[in-house]
There are 2 protein chains.
Amino acid sequence: MTIDVPIIEQLPELSNHDHGGCIAKAIRTAEQLCIDRGARLTPIRRKVLELLWESHRAVKAYDLLDRIKPLETSAKPATVYRALDFLIEQGLIHRVESLNAFIGCNCSDHQHELLLLICNRCQEVEERPALEVMEAVAKEIEQAGFHVHRKAIEIHGLCAQCAQLSTTGLSSQSDLI
Amino acid sequence: MTIDVPIIEQLPELSNHDHGGCIAKAIRTAEQLCIDRGARLTPIRRKVLELLWESHRAVKAYDLLDRIKPLETSAKPATVYRALDFLIEQGLIHRVESLNAFIGCNCSDHQHELLLLICNRCQEVEERPALEVMEAVAKEIEQAGFHVHRKAIEIHGLCAQCAQLSTTGLSSQSDLI
DNA sequence: AACATTATGTTATATTGTAACATTTATAAC
DNA sequence: GTTATAAATGTTACAATATAACATAATGTT
């Protein structure tokens, strides 16, 4: 006999901050930004953004779809991918290339060149502007005569808290990806 | 009436170097490395490696499969993915996360932390050790208390030669990805 | 030769993402 | 307000990417 608990419930929740504040702020920011740009944060787009902000984990498109279906019975893959496309265009979310997944973007100053720290244990993703990294990348690129359109800098490993757990012997075997 | 030419034939070939040398060297290196480690560079694995070295472009798994099928009629997706897994484990190729594709690795000294410059026009991928970038990343990560397993640093844009073509007005419209 | 290990064959299916066209909803022009 | 236009969504179908599970074959070890 097994107990059928969604995997997400089994993961450690390390965002021990007022996450409600994160969500509220993200939505408010998105609303204002869309107003300023004359872009339309429709109910579907808004819902996808909210779902992405329910945690600091990257979420897969079909997981979003499963969450939306009960609310919007007509939702299909295209529904979700279109909303994601819109949110990416507006810089409100990021695609995590190495996970085929998406996260809300909290770059306060709309600086969209950043480094993602992806924890293989708790699955949380931290965005860091990492200005010195960006400068070093810019230099390297200039040397190569390359002209940048887009950067994806994704680091996998263990976040500080999960690394702590590992050294204290509480780790599972699944953190060595 | 259309002429049915494989897309790869329509792309500019900018690797105007002795590419045969690249291939030969890569295979020789792989052979020696596998001997040293007691790993088996079987015909399938070797063929996949050779195909990845036919250009400096990232190649998709199913394109590899199409190329292998005529030679190994029993080849299936798993055939290719297993070979790719092996080659990645051995550090002989890279997965390009942002393309879901693969390239031969030429890090001479088996330094496998590197930056990929991916040209959106000619599709060529340049690996660069980018030591200063890696140092900056290491610092940033240390500040975050993060423990690295794996890095994916992928820059999309135009390589020097394609950028040149763009400014001289020979560009297509498809290079702004 | 017998056994264990590794690699490959094979079937089926899961996951991720797009194309194409129809319909609806919102915005702009009159 | 009605009409024209554009934007967004609905819908169907499918393409592209990837893995699981188990069977068979090849290789290495004793």
Side-chain angles (χ1 to χ4, degrees), chain A residues 6-8 30 34-35 37-49 51-52 58-90 92-103 123 152 174 177, chain B residues 6-8 30 34-35 37-49 51-52 58-90 92-103 123 152 174 177:
Chain A
I7 286 175
I8 192 120
C34 287
I35 289 170
R37 295 181 183 168
R40 290 165 56 197
L41 191 62
T42 62
I44 290 174
R45 292 167 175 176
R46 185 195 178 99
K47 187 65 199 173
V48 168
L49 185 61
L51 288 172
L52 285 177
V59 183
K60 304 215 152 225
Y62 276 72
D63 290 343
L64 291 170
L65 180 55
D66 290 341
R67 298 287 306 278
I68 287 174
K69 267 180 182 163
L71 311 172
E72 302 271 347
T73 46
S74 67
K76 303 272 187 317
T79 315
V80 170
Y81 280 103
R82 284 167 180 158
L84 291 168
D85 287 345
F86 170 85
L87 294 168
I88 288 170
E89 268 172 29
Q90 300 299 329
L92 294 170
I93 66 172
H94 295 290
R95 180 183 160 83
V96 185
E97 302 288 354
S98 53
L99 294 177
N100 294 335
F102 304 84
I103 52 167
Q123 313 292 333
S174 62
I177 303 166
Chain B
I7 285 176
I8 194 121
C34 286
I35 290 170
R37 296 182 183 168
R40 290 164 56 194
L41 191 62
T42 63
I44 289 174
R45 292 165 174 178
R46 185 195 177 100
K47 186 65 198 172
V48 168
L49 185 61
L51 288 172
L52 284 177
V59 183
K60 304 214 153 227
Y62 277 75
D63 291 342
L64 291 169
L65 180 56
D66 290 341
R67 299 285 308 278
I68 286 174
K69 268 180 182 163
L71 311 171
E72 302 272 347
T73 47
S74 68
K76 303 270 185 317
T79 315
V80 170
Y81 280 103
R82 283 168 181 158
L84 290 169
D85 287 345
F86 170 85
L87 295 168
I88 288 170
E89 267 171 30
Q90 300 299 329
L92 294 169
I93 66 173
H94 295 290
R95 180 183 160 84
V96 185
E97 301 288 353
S98 54
L99 294 177
N100 293 336
F102 305 84
I103 53 168
Q123 313 292 333
S174 62
I177 302 166

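Predicted, not measured: the structure shown is a model, and the values here were computed from it. Below, each value reflects all heavy atoms present in this structure, side chains not excepted, and no hydrogens, waters or symmetry copies. In what follows, chains carry the letters A, B, and so on, assigned in the order in which the sequence lines appear, proteins first and then strands, with residues in each chain numbered from 1.
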Hey, is A:Tyr81 doing a stacking thing with C:dT18, by the 5.5 Å centroid and 30° angle criteria?
no
Roughly, in whole Å, what's the span from CG in A:Leu99 to C1' in C:dT15?
14 Å
note: A:Phe102, atom CZ; C:dT15, atom C1'; distance rounded to Å ~ 13 Å
Under 4.0 Å between a side-chain N or O of B:Ser74 and OP1 or OP2 of C:dG9?
yes
Between B:Arg45 and C:dA7, is there a contact of a side-chain N or O with OP1 or OP2 at under 4.0 Å?
yes
Residue A:Arg95, side-chain atoms from C-beta onward, closest of C:dG17, C:dA20, C:dT10:
C:dG17
Nucleotide C:dG9, atom P - distance to CD1 of B:Ile68 in whole Å
10 Å
Would you say that B:Leu52 contacts B:Leu84 through its side chain, given a criterion of any heavy-atom pair below 4.5 Å between the two side chains?
yes
Whole angstroms only, please: what is the CZ-P distance between A:Arg82 and C:dA19?
11 Å
Minimum heavy-atom separation for A:Ala39 and A:Gln90, please, with both atom names.
CB-NE2, 3.8 Å
First and last nucleotide of DNA chain D in contact with chain B, 5' to 3', at under 4.0 Å to a heavy atom: what are they?
D:dT17 to D:dT27
Between A:Ile44 and A:Thr79, the two heavy atoms sitting closest are CD1-CG2, 3.7 Å
From CD1 of A:Ile44 over to P of C:dA26, roughly how many Å is that when rounded to an integer?
12 Å
First of B:Ala61 and B:Arg40 reached from the 5' end of DNA chain D, by closest nucleotide
B:Ala61
In short, A:Cys34 meets A:Leu92 closest at the heavy-atom pair SG-CD1, 4.4 Å
Return the nearest nucleotide to the side chain of B:Glu72; candidates are C:dG9, C:dA7, C:dA19.
C:dG9
DNA chain D nearest-nucleotide lookup for A:Thr73 and A:Tyr62: closer to the 5′ end is A:Thr73
Compare every heavy atom of B:Ile103 with every heavy atom of B:Ala58, then report the nearest pair and how far apart it is.
CA-CG2, 3.2 Å
So do the side chains of A:Arg95 and A:Asn100 get within less than 4.5 Å of each other, counting heavy atoms only?
yes
Separation of C:dT27 atom C1' from A:Ile35 atom CD1, nearest Å, is 16 Å
For the pair made of NZ in A:Lys76 and P in C:dG17, what is the distance, rounded to whole Å?
19 Å
Which pair of heavy atoms, one from A:Ala61 and one from A:Val80, lies closest together, and at what distance?
O-CG1, 3.6 Å
Five-pair end axes of the helix from C:dA1-D:dT30 to C:dC30-D:dG1, angle between them (10°):
30°
Can you tell me how far P of C:dT15 sits from CG of B:Asn100, to the nearest Å?
16 Å
Judged by nearest nucleotide, the residue sitting upstream toward the 5' end of DNA chain C, A:Ala78 or A:Asp63, is A:Asp63
Side chain to side chain, A:Val59 and A:Leu51, heavy atoms closer than 4.5 Å:
no
Name all residues meeting the salt bridge (charged side-chain N to carboxylate O under 4.0 Å, His left out) criterion together with B:Arg45; count only those two or more places apart in sequence or in a different chain, and write none if there are none.
none
A:Leu99 side, atom CG; A:Lys60 side, atom NZ - distance, nearest 0.5 Å
6.5 Å
